[in-house]
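For reference, the structure discussed in these notes is given below.
Chain identifiers are assigned alphabetically (A, B, ...) following the order of the sequence lines, protein sequences preceding nucleic acid strands; residue numbering begins at 1 within each chain. Just so we're clear, the structure is a prediction, and the values are computed from it rather than from any experiment.
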Number of protein chains: 2
Amino acid sequence: MKALQKEKLYTVQEVAQMYGITKHTIRFYTDKGLIPPLIRDENNNRLFNQECLNWLEGCICLKGCGMSIKDLKHYGNLCLKGESTLKERYEMIVKYRDIAKENLLKAQKMLDYAECKVKHYKDILNGRTFDNSNPANWQKSELECRNN
Amino acid sequence: MKALQKEKLYTVQEVAQMYGITKHTIRFYTDKGLIPPLIRDENNNRLFNQECLNWLEGCICLKGCGMSIKDLKHYGNLCLKGESTLKERYEMIVKYRDIAKENLLKAQKMLDYAECKVKHYKDILNGRTFDNSNPANWQKSELECRNN
DNA sequence: ATAATAGATTCGTGTTACTCGAAGTCAAGA
DNA sequence: TCTTGACTTCGAGTAACACGAATCTATTAT
């Protein structure tokens, strides 16, 4: 049976490496109550089983969509409450889906901007010259491609 | 001549509306020295001409790539110093272009995650049922699509 | 002419989400 | 036994704003 199989437990350090976040952040999240099924060993050390990792992964993703710690906590509480909170959870997720959509568009614009600048600097460094004695041109050479 | 044309000057309020940021943020940026050509009127009010708007727009974009206020300030100083700093500026921009690239990938992943969850909730709300008396299933129903 | 309103200013505190470091505890290896 | 290393708690620091009170000024209404 499942209960008889000892499932692997992960330390804070291991979890930090697995998800590319710091130990401090993990401590911070657990202290905020974002990982309800968190386990403590006899020396009070934090231990994560697969369920804990699932919660953490959910938190990381929703946070990546722009959700605050406070809302993550609220969402977690709703999950624990079960079926009766389905609608509210759905509405939260839809909201952050929309935010994630905007974030994606913005990220694309920012990348476009940065690539435009890189190209511009390459042009300059490859010999295309400006009248650098005129400060107006420094600014111009910095920003002329910003509207692309 | 250009010097004789009175160029339009914008107040903090106008600039805030134009760029969708708060007046507080604009004050914060100007106080940090991110807009070197900032103009003050006889009552000490902040006024932006086109050059100021260019600087601000540059700041907003680079910040969107992940650049900190400190680095924005440094980059601005390099711009003011002129040609001799081209290489360093280029390297900064390349660095943040790479970060912007990662940000875009991450934003896409987060959106995928959120859309998966939305779909999942729709399934549930449309009648697909789980054994909700078992808490393990609440968690499962929350997270089962996270790896897509 | 005075008064109220609207918008600007400075300055100082509050908030979020970490981030760091000190000080202490504990198990395991030389 | 002693040291190393990884864990703990707790408290303070940081970045990038966000907010509000107090004040000043220009314009409009009475």
Side-chain angles (χ1 to χ4, degrees), chain A residues 8-35 38-49 52 55-76 92 95-96 99-100 103 106 110, chain B residues 8-35 38-49 52 55-76 92 96 99 103 106 110:
Chain A
K8 165 103 175 114
L9 297 177
Y10 301 87
T11 67
V12 167
Q13 172 130 328
E14 287 170 321
V15 175
Q17 281 180 330
M18 287 162 73
Y19 291 96
I21 56 186
T22 71
K23 290 181 280 179
H24 287 292
T25 301
I26 292 178
R27 199 187 68 72
F28 180 72
Y29 286 176
T30 57
D31 287 358
K32 291 279 172 187
L34 300 187
I35 321 288
L38 181 71
I39 300 156
R40 297 278 191 159
D41 71 7
E42 63 281 5
N43 292 317
N44 210 26
N45 293 337
R46 293 167 182 81
L47 292 177
F48 286 64
N49 61 10
C52 294
W55 277 83
L56 178 60
E57 233 177 272
C59 286
I60 291 172
C61 288
L62 290 174
K63 215 188 68 60
C65 294
M67 198 181 278
S68 68
I69 302 289
K70 197 180 159 192
D71 270 11
L72 277 172
K73 175 77 175 151
H74 181 59
Y75 182 79
M92 286 186 80
K95 173 183 163 192
Y96 285 102
I99 292 175
N103 289 344
K106 187 188 163 196
M110 294 303 108
Chain B
K8 165 103 174 113
L9 297 176
Y10 301 86
T11 68
V12 167
Q13 172 129 328
E14 287 170 321
V15 174
Q17 281 181 330
M18 288 162 73
Y19 290 96
I21 56 184
T22 71
K23 290 181 281 180
H24 288 292
T25 302
I26 292 178
R27 198 186 70 72
F28 181 73
Y29 286 177
T30 56
D31 287 358
K32 289 280 171 186
L34 300 188
I35 321 288
L38 181 72
I39 300 157
R40 297 279 190 159
D41 72 5
E42 63 281 4
N43 294 316
N44 209 27
N45 293 338
R46 293 167 181 80
L47 292 177
F48 287 66
N49 61 10
C52 295
W55 278 82
L56 178 61
E57 232 176 276
C59 286
I60 291 171
C61 289
L62 290 174
K63 214 187 69 57
C65 294
M67 198 180 278
S68 69
I69 303 289
K70 198 178 158 193
D71 270 11
L72 276 173
K73 175 78 175 150
H74 181 59
Y75 182 79
M92 285 186 81
Y96 284 102
I99 292 175
N103 289 344
K106 187 188 163 195
M110 295 302 107

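Atom CE of M67(A) and atom NE2 of H74(A) lie 9.5 Å apart (nearest 0.5 Å).
C59(B) meets the side-chain contact (heavy atoms from CB on, under 4.5 Å) test with L34(B), L72(B); sequence neighbours excluded. Partners of H24(A) under the side-chain contact (heavy atoms from CB on, under 4.5 Å) rule, at least two apart in sequence or in another chain, are T22(A). Remark: Y19(A) pairs with V15(A), I21(A), L53(A), L56(A), E57(A), I60(A) by the side-chain contact (heavy atoms from CB on, under 4.5 Å) rule, at least two apart or across chains. Residues satisfying the side-chain contact (heavy atoms from CB on, under 4.5 Å) test with L47(A), not counting sequence neighbours, are L9(A), T11(A), I39(A), D41(A).
Residue pairs meeting the salt bridge (Lys or Arg N to Asp or Glu O under 4.0 Å) criterion with at least one partner in residues 10-25 of chain B, sequence neighbours excluded, are K8(B)-E14(B). Residues in residues 64-76 of chain A take part in no salt bridge (Lys or Arg N to Asp or Glu O under 4.0 Å) pair, two or more places apart or across chains.
Across dT9(D), dC7(D), dT9(C), the shortest atom-to-atom separation from the side chain of Q13(A) is found for dC7(D).
In terms of phosphate contacts, R46(A) brings no side-chain nitrogen or oxygen within less than 4.0 Å of OP1 or OP2 of dC7(D). Dashed line: the shortest gap from a side-chain N or O of T11(A) to OP1 or OP2 of dC7(D) is under 4.0 Å.
dC17(D) atom P lies 10 Å from atom CD1 of I60(B), rounded to whole Å. When the C1' atom of dC17(D) is taken as reference, atom NZ of K32(B) falls 10 Å away, rounded to whole Å. One interatomic measurement links the two molecules: CG of L47(A) to P of dA27(C), which rounds to 14 Å at whole-angstrom precision. To the nearest angstrom, P of dC7(D) lies 11 Å from CG of D41(A). One can place CG of N45(B) at 9 Å from P of dA26(D), the figure rounded to the nearest angstrom. Remark: P of dA8(C) and CG of L38(B) are 14 Å apart, rounded to the nearest angstrom. Regarding R40(A), its CZ atom lies at a distance of 17 Å from the P atom of dT25(C), rounded to whole Å. Put simply, NZ on K23(B) is 15 Å from C1' on dT10(C), counting in whole angstrom units.
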Short N/O separations, protein against nucleotides 15-19 of chain C, under 3.5 angstrom:
| residue | atom | partner | partner atom | Å |
| --- | --- | --- | --- | --- |
| dA17(C) | OP1 | I69(A) | N | 3.3 |
| dA17(C) | OP2 | I69(A) | N | 3.4 |
| dC18(C) | OP2 | Y29(A) | OH | 2.8 |

Identify each atom pair where a protein N or O and an N or O of nucleotides 22-25 of chain D are less than 3.5 Å apart, giving names and distance.
| residue | atom | partner | partner atom | Å |
| --- | --- | --- | --- | --- |
| dT25(D) | O3' | N43(B) | OD1 | 3.4 |
| dT25(D) | O3' | N43(B) | ND2 | 3.4 |

Step by step, would you call N103(B) with K106(A) a side-chain contact (heavy atoms from CB on, under 4.5 Å)? CA-CA 10 Å; N103(B) 289 344; K106(A) 187 188 163 196; over 6 Å; no
Working for side-chain contact (heavy atoms from CB on, under 4.5 Å), residues T30(B) and F48(B): CA-CA 10 Å; T30(B) 56; F48(B) 287 66; 3.9 Å; yes
